[in-house]
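Worksheet for the structure shown next.
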Amino acid sequence: MSIADRLEGKRVVICAGSGGVGKTTTSAAIALGLAAQGLRVAVVTIDPARRLADALGLDELGNEPRQVDPARLSGHGLELTGELWAMQLDAKRTFDELIARLAPDDQSRDEVLGNRIYQELSSAVAGSQEFTAIAKLYELDRSGDYDTIVLDTPPSRNALDFLEAPDRLTGFFEGRALRMFLAPTGIAAKVMGAGTGVVFSVLKRVTGVDLLSDLSVFFRSLGGLVEGFRERAAGVKAILEDPATTFLVVTSPEREPVAEAVYFRGKLRDAGMPFGGLVVNRVHVRAPDEEDPDDVRAALTEELGAPLAGKVATTLREQQILAARDEAALVRLAEETGETDPIVIPQLDGDVHDVDGLVAIHRHLFASGEERDALLAAAAF
Amino acid sequence: MSLLTKPLVVVTGKGGVGKSTVAAALGLAAAARGLRTIVAEVAARDDVSRTLTGEDDGDAEVFREREVAGGLHHISIDPQAAMREYLFDQLPSRSVAGMMSSSSTFGLLVAATPGLRELLTIGKVWELAQPGRRTPGADPYDLVILDAPATGHGVAILEAPVTFSGAARVGPIARQGRTIAEMLGDPTRTGVVAVTTAEEMPVNETLGLRDALRDRMGLPVDLVVANRVLPDRFRGADAAALRDAADPSSRAIRAALAVSARARAQRAQVARLRRALGDVPVRTLPFSYAPVLDTDALAPLAHRLGAIL
């Protein structure tokens, strides 16, 4: 099945996978392909390569999608009959905007934004990018401005963070910890001197009183936002479980990304979230009729001379080793994810971080079954 | 000052560039010199131990220090276990510590406090690197190698103690945050190895890491390792002869031309890296064609790292 069939009628496409497997380029190429089919598409990228960002006219200061000038792509043989909108996520800014939107009044907003603990939370902490990516997705989905939204996910080593981070944060806002802080007899009150319980006196001793009071101020000022967060959390959950949402798992054939992809596929199943397929980038494709490198050396010696013919044969042998390794990875992926028809994109010759690379990835992604076979055969060694 | 004479070496870089491979190879190289070494992985990962022992033992070994090769140890640090250990060390009685570590209030507080997981993780790394270990009965190490998370979060982990000692101005966390921050910000005690591949994005991220560490922690990068570099096999006349080959579409010639183009692009990236980094040494590790990256396949990489350090 081509990617176009898989994404038919989808409103939200989330590209997940471990870092360094080509998620950003894949996301952008998918958005490009959908826009070429006539849809109005927004792609949210996390950390695009400078040249790709420039090529798409992405403005990192925007934090809102901007329309990509179709003229940038028409020179590459791609006609955008729809619209392609692209943005680069600014985690800190998205977080600040979310607080501003949810705060009941200016004073509570400023209190949260000015809190040291908040400042730590919104920039550096693991999970904040995941959380804000989801917040952005929610906002764009609610705006109703786009037929499809394609979301690149943060360069996390463990793609699972993406599924869990919103839960961790929103769960906290909903959960017992916050209530404990907010209750009249909660930690906040006890820190301020009334606490006599052993846990609290030990807590003070271990952490220091002023850290606890900073924390309680932080939690108290978030208190006014709880209702908004709760609604959001429910809305986000609904999007992630919607049949019009799909997760594409992106990987390379290397061991760790494959293990992550398998794990992530299982977690999607457990969480009841929709799985749309596998994209395997950077595959060394194995030819069905591999040539023996020694024969190749013999055949080329007269034309190229023995030293160069030897180097060519060595290179072919290495490529065949990689092709066998990648073939085994594809078998493992098929066995362990149940996906027997992944979209395989061969290792491309050039660097893929510009419009040419984007167009090349797009061609592989959106090729029909027959075209795809031909493209792969042409890339086989 | 040589990298391996520092008690702590942090290995970081963009996701997918082979950080764990380099951390493991570095560990083998250090152990081969007779240094009692430990590689610490964070967030309950165990890529290094899987590589070194060939075992896939899941969560069973989290937080246990164990010898995985002669003189080379491994630990996978879990913030929850680090918290427990910290409490038992800090509190006067085991029963109070036990009560705290099983207190749900306390557990929620730890889980909810931004940055605390990072602080606990790096705190354990610091403890491993102390000449007098806090962990009862534990022997000190000559070298701790931290297989840190990918760049952005890696910097966050290193910064956590500074942030906390700022947020808590007085009290034990502030005091310990400062002690840990002092070590992490001291180039004579903490070394940084940035791992990259010779590609656009990882190189950009390496340069960004150099700037972030310098500006935010005053810490220089000691060594950049460009991993998976293709052999420089076809230069000048060879490349020209390939382009003029009688059958340029044959698989063998296509493979040679493709690899030659990729190697050329890599050379340009390594050159860019060297230009931008000035006097930070950049060393390359060859692309490994081994089917599985196990101890045997790591040995040549460890040997090469050992030779350049």
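Computed over heavy atoms, backbone and side chain alike; hydrogens, waters and symmetry mates excluded. Note on naming: letters A, B, ... go to the chains in the order of the sequence lines (proteins, then strands), and numbering restarts at 1 for each one.
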Taking A378(A)'s backbone N and O only, do any of them form a donor-acceptor pair with R254(B)'s side chain (distance below 3.5 Å, no angle check)?
yes
For a quick check under 3.5 Å, do N227(B) and T21(B) share a side-chain donor-acceptor pair by atom type?
no
Does any backbone or side-chain atom of Q320(A) lie under 4.5 Å from a heavy atom of chain B? Answer side chain, backbone, both or neither.
neither
If you count heavy-atom pairs under 4.5 Å between each of L316(A), I321(A), V21(A), L322(A) and chain B, which one has the most?
L322(A)
Which bit of D295(A) is near chain B, if near means a heavy-atom gap under 4.5 Å: side chain, backbone, both or neither?
neither
Side chain, backbone, both or neither of V296(A) within contact of chain B (heavy atoms, under 4.5 Å):
side chain
For S252(A), is it the side chain, the backbone, both or neither that has a heavy atom under 4.5 Å from a heavy atom of chain B?
neither
Within the distance-only criterion (no hydrogens, no angle test), does the side chain of T12(B) pair as donor or acceptor with the backbone N or O of P149(B) below 3.5 angstrom?
yes
With distance as the sole criterion, is a donor-acceptor pair present between the side chains of Q269(B) and R272(B) under 3.5 Å?
yes
Any residues in residues 299-308 of chain A near chain B, with a heavy-atom distance under 4.5 Å, and which are they?
L300(A), E303(A), L304(A), L308(A)
Test: K14(B) and E199(B) ion pair at under 4.0 Å
no
Would you mind checking which part of A313(A) comes under 4.5 Å of any heavy atom in chain B, side chain (CB onward), backbone (N, CA, C, O), both or neither?
neither
Would you mind checking if R282(A) and D326(A) are paired as a salt bridge, meaning a charged N to carboxylate O distance below 4.0 Å?
no
Short side-chain donor-acceptor distance under 3.5 Å, T206(B) and N204(B)
no
Could you tell me which of A261(B), A245(B), G16(B) has the largest number of non-hydrogen atom pairs under 4.5 Å with chain A?
A245(B)
Counting N and O atoms only, with roles assigned by atom type, does the side chain of R325(A) sit under 3.5 Å from a partner on the main chain of A290(B), one being a donor and the other an acceptor?
yes
For R251(B), is the CZ atom crowded, meaning more than 12 foreign heavy atoms sit under 6.0 Å from it?
yes
